[in-house]
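Below is one structure, written out as structure tokens; the observations come after it.
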Amino acid sequence: MPISGFPEWMPPQRMIEQRVIERIRTTFELYGYAPLETRSVEPLDTLLMKGETSKEVYVLRRLQADDNAKDDDQLGLHFDLTVPFARFVGENAGKLQFPFRRYQIQKVWRGERPQEGRYREFLQADIDVVNRGELPFHYDCEMPLVIGDALGGLPVPRVRIQVNNRKVCEGFYRGLGLEDTAQVLRTVDKLDKIGPARVAEVLIETVGATRAQADACLELAAISAEDGSFVDAVRKLGVEDPLLDEGLGELLRVVETAREHAPGLVTAELKIARGLDYYTGTVYETLLEGYERFGSVGSGGRYDNLATSGNERFPGVGYSIGVSRMLGVLFGQNALNISRSVPTCVLVALPNEEQRPACDRIAGALRKRGIPTEVAPTAAKFGKQIQYADRRGIPYVWFPGEPDTVKDIRSGDQVEADAAAWEPPAGDLRPVIAG
RNA sequence: GUGGUCGUAGCUCAGCUGGUAGAGCACCUGGUUGUGGUCCAGGGGGUCGCGGGUUCAAGUCCCGUCGAUCACCCCA
């Protein structure tokens, strides 16, 4: 029986997932991020920053646990890879070279109600850069480029990265005279769901905004641009605040950098507030074109206060791809296909059991040259053996004989072949994924 | 975690106001005496998600539970 929120995919889906992971991993390494894996479990107080209880964390309990044992060292499964990483950095700061760039591709767990593309156990692919003291801002500009590169090389829909900067929002709200900027942010974030009229109402009710202040917040949220024009649009609203200026400058750098290196990838979207609460500046959100209704398939941002060691600070910026969500959504819409359901490229037909050793030798010769090969399970009629290959999408059936022949069962073409020399076309060697 | 909708064969679904299960596709066998996909004939397969209740009788009604999905919450 399935368990809600813990998906188990079939081999074709898993092959696609592995290929996606491979692409993401090689791209991360191409940019110099070093591999890291942290334990699945963290002390509860590491996971729950300063008394936070809203996070749906799975807690670990031993079957033989003593009921009256102290529970101040409770363990929980991590719900993202950034918090454990921050802990790791603080703990190993002495052994690391800064700025430290690393990637992690691991499962995370959240006890939320599952839906399509929302699971309780899912895979994240995460990059972060942290530094000791101050982290130069150009790393904020690099993040979207890496993600765009990783996902752009996959047969998935076009990726759009929406960027904002919390300093812009906070500065703007403060310049406007609104003090509870966090609450304003949370409310404005619901814009797409509840609409501008309702957002204005809520702002007036919960943070004591005036009609004019609420309208100004909505005007800010409406700003969206693929170039630096958003700066003027914000300035036109006439709000003055040093933090706002700082945020605008940063956001501009991200947008301009992306415009040069990956045109069309990044949009400044001033209504974006999403993501974990530890973000202090840049925030990113990732949408798949045509799949916007399924929400973000990746997000990240700048965190200046997450990792510490003694009185040292380790500010960082990171990005996380929700691999399971992205694939779950695409699988659900049948938007990804793979050319066969097994890795096998060649099935060696078996004329009779006596010839199995000879067939094993043929398979061995092919495998030695990197061609995925299996020998037929039984010496059934050749028609059945071809059918065995056909059902799995295996493109070639090898017939031992004098001489050996190999048949492309898609075209029916059958030619003489030597197991020590024959090569399939490069496109047939591994299963092909199409979007 | 809260609320709504849904759950019949591997898949897509039918089953009227309750009368103890069906189709198409898929699968297996044979026609086809060892090179598939077509065609023809035959065949196997379902504790109607699971558990309880109402009833002479439940796939059909009620409750619970599990799963899927949607909204909220949260977020990948």
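Quick note on labels: first sequence line is chain A, next is B, and so on, each numbered from 1.
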OP1, OP2 of B:rU33 versus side-chain N and O of A:Lys381: anything below 4.0 Å? yes
How long is the span from the OH atom in A:Tyr119 to the OG atom in A:Ser4, to the nearest 0.5 Å? 11.0 Å
Within residues 345-361 of chain A, those residues having any heavy atom closer than 4.0 Å to RNA chain B are A:Leu350, A:Pro351
Charged N-O contact under 4.0 Å between A:Glu22 and A:Arg25: no
In plain terms, say whether A:Glu56 and A:Arg113 are close enough for a salt bridge, that is, a side-chain N and a carboxylate O under 4.0 Å apart. no
Scan every strand shown for a Watson-Crick or G-U wobble partner of B:rG64, both distances under 3.5 Å, and answer none if you come up empty. B:rC50
Geometric cation-pi criterion A:Arg410 and A:Tyr396, 6.0 Å radius, 45° cone: yes
Check whether the side chain of A:Gln414 and the base of B:rU35 form a donor-acceptor pair under 3.5 Å. yes
Listing request: all side chain to side chain donor-acceptor pair (under 3.5 Å) pairs with a residue in residues 317-327 of chain A, at least two apart in sequence or in separate chains. A:Gln124-A:Ser320, A:Asp126-A:Ser320, A:Thr286-A:Tyr319
Please give the nucleotide sitting opposite B:rG42 as a Watson-Crick or G-U wobble pair, both distances under 3.5 Å, or none. B:rC28
Looking at B:rU2, which nucleotide sits across from it as a Watson-Crick or G-U wobble partner, both distances under 3.5 angstrom, or is there none? B:rA71
pi-stack flag for A:Phe122 and B:rA76, centroid dist under 5.5 Å, interplanar under 30°: yes
Pull out every residue in residues 388-400 of chain A that has a heavy atom closer than 4.0 Å to any atom of RNA chain B, ordered by number, or say none. A:Asp390, A:Arg391, A:Phe399
Polar atom pairs between nucleotides 5-8 of chain B and protein, under 3.5 Å, N or O only, would you list them?
none

Counting only Watson-Crick pairs (N1-N3 plus N6-O4 or O6-N4) and G-U wobbles (N1-O2, O6-N3), all under 3.5 Å, who is the partner of B:rU55? none
At a cut-off of 3.5 Å, list every protein nitrogen or oxygen paired with a nitrogen or oxygen from nucleotides 67-73 of chain B, distance to 0.1 Å.
residue : atom : partner  : partner atom : Å
B:rG67  : OP1  : A:Ser4   : N            : 2.9
B:rA68  : OP2  : A:Ser4   : OG           : 2.5
B:rC70  : OP2  : A:Glu116 : N            : 2.8
B:rA71  : OP2  : A:Gln115 : OE1          : 3.2
B:rA71  : N7   : A:Gln115 : NE2          : 3.3
B:rC73  : N4   : A:Arg118 : NH1          : 2.5

Dump the intermediate steps for salt bridge (charged side-chain N to carboxylate O under 4.0 Å, His left out) on A:Glu250 and A:Arg253, then the final yes or no. CA-CA 5 Å; A:Glu250 291 185 356; A:Arg253 284 184 66 185; over 6 Å; no
Looking at A:Glu91 and A:Arg87, does any basic side-chain N land under 4.0 Å from a carboxylate oxygen? yes
Quick check on contacts: within residues 20-39 of chain A, what sits under 4.0 Å from RNA chain B by heavy-atom distance? none
